[in-house]
Every structure is written in C-alpha cells, then in structure tokens.
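Below is one structure; the comments refer to it alone.
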Amino acid sequence: MSRAEIVESADAAVAGIEDGSTVLVGGFGLAGMPFDLIDALIRQGAKDLTIVSNNAGNGDVGLAALLAAGRVRKVLCSFPRQADSWVFDGLYREGKIELEVVPQGNLAERMRAAGAGIGAFYCPTAVGTPLAEGKEEREIDGRKYLLEYPIRGDYALIGAHLADAMGNLVYRKTARNFGPVMATAATTTIVQVDEVVEPGTLDPEAVVTPSIYVDRVVQVAARHYTVQGAR
Amino acid sequence: MSRAEIVESADAAVAGIEDGSTVLVGGFGLAGMPFDLIDALIRQGAKDLTIVSNNAGNGDVGLAALLAAGRVRKVLCSFPRQADSWVFDGLYREGKIELEVVPQGNLAERMRAAGAGIGAFYCPTAVGTPLAEGKEEREIDGRKYLLEYPIRGDYALIGAHLADAMGNLVYRKTARNFGPVMATAATTTIVQVDEVVEPGTLDPEAVVTPSIYVDRVVQVAARHYTVQGAR
Amino acid sequence: MTTTSTATSSATSSGQAYAGAPRSAEHRLSMDELAAVIARDIPAGSFVNLGIGQPTKIADHLPADSGVVLHTENGMLNMGPKAEGDAVDPDLTNAGKVPVTELPGAAYFHHADSFAMMRGGHLDVCVLGAYQVAFNGDLANWHTGRPDDIPAVGGAMDLAIGAKDVYVMMTLFTRSGEPKLVPQCAYPLTGVGCVSRVYTDCGVFDVGPDGVRIRETYGVSAHELAEGLGITLS
Amino acid sequence: MTTTSTATSSATSSGQAYAGAPRSAEHRLSMDELAAVIARDIPAGSFVNLGIGQPTKIADHLPADSGVVLHTENGMLNMGPKAEGDAVDPDLTNAGKVPVTELPGAAYFHHADSFAMMRGGHLDVCVLGAYQVAFNGDLANWHTGRPDDIPAVGGAMDLAIGAKDVYVMMTLFTRSGEPKLVPQCAYPLTGVGCVSRVYTDCGVFDVGPDGVRIRETYGVSAHELAEGLGITLS
C-alpha cells in the first residue's frame, strides 16, 4: 500500500466503496465504532454490503442505522443479539438479512490470518458444537481442531484515537478492540481519528497500527455518541 | 500463569532449568540477546538443551558461549552462519550439534501459534524449496501452502528494557524482535531488564508484553556487550 | 454449614428421572454468597476472566491483597471495578459493555492478541454462567436452540476452551425445578468436556472425564442432592 | 546509453550453451549506478524492504521527497540511514545487524508482526540479491547447495513470497562468466516464480510465467545479451 492520504471529510474518506463490498467495521458495542464513517457510508449509498463486525448494531445509530437503511445483505458477527439490537432483530426475523455467527476469537483470528498471509489455521474453538458444522476437523497432538479460513475485507472502517500524518495509529483503552486487526485484513483501510498529529509526535514504541496498513484518515469532531438504551 | 516473581539475580532467575529442556532465546544478533541469563545458565549447568533462536551465536559471548560449553544438543534457527558464528560452525562441522533451519518468519509464526493455541497453520513460505521437504502441502484459493506446527518452549530467556513489578514489559527499538513472541510460547518465561519500575509507571497503551506472559524478572546492571568482530 | 461428600456419575443414569429441587430452599446460597465462595477458591495471583452476568460479582469478593488480575476479552488485563460518575469513559468497558476502570499495571491489546491469550491457555481461571453442564464437563451456555431464537455466541466458545480451569456459576435448578447439572446437555454445546467445576446455590461439584463428584452442599445433604440429580454416590 | 528491446524465453533453450559475458565490460553499470536505476523505478510513497548487501545501497539514491518508507524485517518501519558515531545504538540495527537510525513516523513491532506484514502482501517492493534467477521468476539466493556449506536462510524465503513486487539486484554473470539469469536454477530454490524483475550490471529484465523480457541494456546490445543468455528475442 502506498502512503496514507489524510482527507478532509468522512464523505471523502468513504468515496468509491462499491455495491456488494465486504466491509469490516470496528468497534465492540459503541467503543471504537467509527460512527462518522458509517454515517458517511449511508449518505454515499453503497448497497448489498457484507458487514463483518463484532455486533450487529446497537440502538439506532452507527451500524444499526446502516442496517435500517437497507444497505446490508449479510452480517458476519459474534454477538448480534443483545438488549439494544432491535434493528437487526427485526430485519432478521423478517428474513431481510443473512447472519453468520462466528465465535469472537475466530472472527479476530480469521481477520488476522487474512492480514498475515496465512492460508488457513487449525483452531480448537467450537469443536463439538453446532458451529463446527461443515468444518474440517483434525486431531493434532491429541487435541481436536477445526480448520478456519481467513476473512478478508474490501474495506475496513475503523476508529482510532490519534493518527500521525503518515497514517500511524494509536487507540484509546478498550476502544482498540478489532481496529488493529481489521486494518491488516482489508484492501483499503479507512480510519476516523480524534486528531491528526505531525510525524514524530507518536512514540514509535507505542504505535499500534503502523502506517503501512492505513489508506485514508479523517479527523472528526466528536467521536462519542450518547445513545439512550444503547451500549 | 500466576503473578511474575521479581528475583535478585540472574542465577536465581534460571534456577531449575532441567537437562533436555527446549529453551527459546531472544535476540537478533546481539540486539535483545539476554546475555546475563545465558551466562547464568552456563553456570547453572543444564545440558542436552534444544535452543530456539534466530542465530546460532555471535562471537564468543551469549549463545556462542553456551554452545562452546557443550550444553546444546540441537539448534533451531533461521541464520546460523554469519561472519562471527565460528563457535557454531566448528561444532557443526565436527558433527557435535544438530541444526534445523527454519525460515525466520516461520520461526516467529510457529512460536506465535504455540502461544496462541493454534494447532497448526498453512503458510506460503518455502513452498517448492528444499525446506518444504516432508511438510504437507495444500492449495487454498489457487495458492500453495505448507502446514506448519507450533514451536513450544519449556523456557524462554529474553531481554527487555523495562518491567513493572507485575511483569509488564516494554522493549527498546529493534531489540524487541523475538522477545514478545517467545514470552507467549514458553511454559516459563524469564526476562532480564534494565530496570524494574512500579506498577502504574508504564503506559498501559504501550505495554508490549502483558504480565500474564512473564514468570521471572531480574534487573541486570549492563545489557550491552561490545564484542570485537561480533555483531 | 457445608458437608463434603463424594459421588461419581452412574454410567447408566437414565438422564430423565429427576426428582426436582430439594425442599430446603431457604438454605441455598444467594448468588452473592456463591460469588464469595468462588472468590475464596481462586488462588492468589491468578489471571482470571469473569463472564458476563453473575460471575462479575466475584470481583467484589476478592481480597484486596489477592493479587488476582482480571482479564476482559475486549482487550485488557488488570481491569478495575465498575466505573461510576465522572470515571465513566465510553472507551473503557468490560465484555458486557459496562464502563469499568483501570488498575495500576494494566495493559491494553487488540482482539486477536486478547483471544490468543485465552486460546493459548494462559488464563488460570474463567468463570462462566451456563444453561446446562454435563457430568463430563460439557458446557451449554450460548443458545437455547429454540427455532425463533437469534443465535449469539460472543466469546463464550473461546472462553470455554481457553482457560486452564473453567468454572461454572449457576443455580442448580431452573425455575421450574429441572436440574441444570445433567448426564448430557440438551441445549446446543458451547464446548466439549471443558468445565472442571460447577458452583451452584445448592452445592459445588467437580465434573470431567471421571464423572461428577460433590465437593460441598448447601442446605441439602449430599445424599438428597445425588438423588435429585440422578447421580450415584460412590 | 540504454536500449530497450523485447525477448521471450525459448522453451527449448538448452540451458547449458552459454556464450559467456559480453566483451564490452567497461560499459556495464557499477552496483552504485544500478542502485540509482532501481531507486528511480520505485514508485513514490512505496513501502520497501531492501535485502542485506548490495540492495541497501538503493536507500542512498531515493530522493528526499520520495516518501518511500523502508521496512526492516527485524521489526521496524521508516528506518533511516546507517548510524555513525554517537548515533550508534546497539538496540537499533537493520536486518544485516548494521546500526541504523529512526526517521519521524517510525514504528517498532515484534518479529511475528513484522513477518505477518511481509507475508500478508503489504510491502510494495522488496529488492534481494541472488545467486540465480530463472526466466520464470524462480529465485535461488540462500544456499549454494555445496555439501560442506552450512545452510542459513534468514528471512529470504519469507521476503521472496511476501512483497507485491520482488526485484533482484545482481551482476548478470559470475566471476567465471556464467550467467546468473538462467532457464532453470541449479542452486536450491528460495521461492517459486516469485521474482518479477531482475536488475543487473548489463541490463534489466522482466521475468515471470510468460518468460524473460529485456527492458534495458547497458554497454551491450539486446541481441548480444539474448545470445549470451540463451534467450530468443521475439
């Protein structure tokens, strides 16, 4: 990937996302959710999307708003159903959206494999459960494993705390969650940050996502949403 | 693993390492090499060791000294032969040491797999080369991969820059190299550091090796060796 | 107050002939008392993941000097108590998405590293809730299997197979009196043979390949409990 | 000074009937001149790994405003020039274990992350030295295959299959005049079909599944070069 581009608006950041794309969306609940990018994606209009994210939307904002706008064909996630997932629940029960449930660690590790050039890996999670259905099982050193394949994204939309002008990223606390992994697994990684700083400002020992994984960065005004009933 | 122990000396740190152990030794050349721990291991006397490290010793110090002391049965490494590897070269040519050459990225990824509970993984490195011999090959999405298994250590000896009293670690520059991966792959991880600081001193966002991977920590006086002809 | 006894599962137990909950319900432990029992059993200095729901109560009962380090799978070690008031930070939550705090010596990491930590067997103890646990340690805690239920697994399957010891914390009987510690799980499994101990309001059990064994009972004799669960005291 | 021509490999070339090095040796490029040619061809803003040895010279020829970011596989992006004097830090070296410096916007990472970055195809260009390159892009650069030689692969095999474009930088002929760009490698392989371009003192070649194609020549005609290498100009 060539050097990251710092763009002026969330709309510029999501320009060109095609219908039918697979989009990795960061966040664990609301923490780390790239709200401005998702709102821009709704305005941009891409449809028939496959979304890979830990949850399937919370409240009526972010991913839930994208779902409500009818742009999503399928969701791969670990935890679609929770107290505030009413948008997804409705679509799912009406048969308007596909769901593939992936254990949370496999979701992360399969994206890591995509970013790391691993063709597939044997994972002990879900052996002997309904989620093992259709997966190749293999015993290694007396333990059973399932063969898991990479999950690649055409785009990743993630939220981070700071970027330098080269695209190096740091995160804040548990808002880090899936961001660094998704950044490695997508062809084009788009990041919203609280602030863009000069190269040399971030401690090179503390950079979490090196610039090579970042394609577009936009600084947004306010990242935290307060959502009644959503978490 | 339970909470890390801060010990008083390198000798106390390596106590109990058994004959025949597999020991992961950090460092890339001299950078990150845990010299004090290796010297203590030589004094401790454990023999018939299998050593996993990027190189097979440089000059007459560190790993080279351990080899010269006749304590090593086998070396797994990526790059045994270089200008200053005379100790290893001599032992190898005399048939006194076994060698398994592992591509550098596979060395790292196989230890990562051990630490991450991955049973095995398909890797594109070395396909079609002599190092593919005896390995299972599989085509996935039109690309060929080899099946690689984890490399586990009974012990890891690594060098880091700072530890807090809980065992969280940060490194310095490229001396980081294999340390964080080896820390995850060994049953018992032993670390030498320049300084032990109070918990709360290290930035939680910048901790590279979380305390859960660390068993024993010793603060040493001077980490950098200057070795004539070695690098 | 507690009695200790030993039972092993009868290989031929029918699996359906349950006697219902013991009558002396007033002596059962509350979930808070049970949390204290589990906290007592967690070795000092352990690295521990407490599952969403009841198990989070255990943190309140760990002695200040226990040195227990809490892991939350959304990317943190040395998590502190729930955040209140000004301490609430939307960027700092536990796996249940509840705002929490950070203790000195904390570390943050991304999701792949966090689950590598679990899957790699580095956590000493994980305590989970459950719908059912089988005598052999099988766990069912993610899906009721009802056709109208939306499946959601989260990190349950990763946690189930990851920690060195997986404990379950639950009531021993459903509201309608059916045992939740059973010869074989009826609900879809979360993990196979992964649970080593089951803490309940009526007693504590070791489970695993050698079958079930009663460790302690609360307000009920081991004999009554064994009968109620269809297990044979040895 | 340079001529551009096109050739494709003859499927029936014998592989042994080499004519030796061209005579006009004085017009060949020095390794330093060749480094400048390669630097010219690396797109601005690329992420690049320069192999141990001659390829490290390329860094000296990258324009200051090229925005090229150098990766070193021992765990760093945005590596700066070789360190001199007081700037030497034993904790900061390149893959050849030579002390180097850090540029603003650098990042450090561990070995598994560094090789994930390479293997995952995130680097734009990697430039390696070679013993031999085959017309189809096979690379041999890690082992002479001599029985008394101690094998040492380092990161060569990972680099060979990792970058989007793998370039080789080498002299076209051995000291004894044998071509190093060959129908089939005689040395043990580092990677299969992984090289896309070969930069040599006598010319630049594209290699790959469609065979070899001469891009530029230095001090020798494409015709002479084709003859010397046993390839057929199309």
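Atoms considered below: every heavy atom in the structure, side chains included; atoms not considered: hydrogens, waters and symmetry mates. First the proteins, then the strands, lettered A, B, ... as listed; each starts at 1.
Note on C/A116, C/A156, C/P99, C/A112: by heavy-atom pairs under 4.5 Å with chain A, the leading option is C/A112. Ranked by heavy-atom pairs under 4.5 Å with chain C, the list A/G105, A/G179, A/C77 is led by A/G105. Interface summary for chain C: among A/C123, A/A56, A/P80, the most heavy-atom pairs under 4.5 angstrom belong to A/P80. The greatest number of non-hydrogen atom pairs below 4.5 Å with chain C, out of A/V101, A/V208, A/N54, A/T174, is found for A/T174. Ranked by heavy-atom pairs under 4.5 Å with chain A, the list C/V153, C/L159, C/D138, C/V100 is led by C/V153. Comparing A/K173, A/R112, A/E109 by heavy-atom pairs within less than 4.5 Å of chain C, the highest count is held by A/K173.
For A/F88, the part lying under 4.5 angstrom from a heavy atom of chain C is the side chain only. Neither the backbone nor the side chain of A/R110 comes within contact range of chain C; no heavy atom of the residue lies under 4.5 Å from a heavy atom of that chain. Of the two parts of C/Y108, the backbone and the side chain both hold a non-hydrogen atom closer than 4.5 Å to a non-hydrogen atom of chain A. Interface remark: C/N94 contributes backbone atoms only to the contact with chain A (heavy atom separation under 4.5 Å). For chain C, the nearby part of A/N55 is the side chain; its heavy atoms alone come within less than 4.5 Å. Heavy atoms closer than 4.5 Å to chain A are found in the backbone of C/T190, but not in its side chain.
Here the straight-line distance linking atom CD of A/Q104 with atom CD of C/E73 works out to 6.0 Å at 0.5 Å rounding. Put simply, NZ on C/K97 and CG on A/N58 are 6.0 Å apart, with the number rounded to the nearest 0.5 Å. Note that CG of C/D148 and OH of A/Y92 are 10.5 Å apart. Values are rounded to the nearest 0.5 Å.
C/H110 and A/N177 get closest at one heavy-atom pair: CB-O, 3.4 Å. Of all the heavy atoms in C/V192 and A/V127, the pair that sits closest is CG2-O, 3.5 Å. Of all the heavy atoms in C/I150 and A/L99, the pair that sits closest is CG2-CD2, 4.1 Å. Counting all heavy atoms, side chain and backbone alike, A/F79 lies closest to C/A152 at CD1-CB, 3.7 Å.
Of residues 128-146 of chain A, those residues with a non-hydrogen atom less than 4.5 Å from any non-hydrogen atom of chain C are, in numerical order, A/G128, A/T129, A/P130, A/L131, A/R143.
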Verdict with reasoning, C/D89 to A/R172, per side-chain contact (heavy atoms from CB on, under 4.5 Å): CA-CA 10 Å; C/D89 179 340; A/R172 268 196 84 236; 2.5 Å; yes
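Residue-environment remark: NZ (A/K74) exceeds the threshold of 12 foreign heavy atoms within 6.0 Å.
In this pair, C/H111 and A/F28 present their aromatic rings tilted. The plane angle is within the 30 to 60° band.
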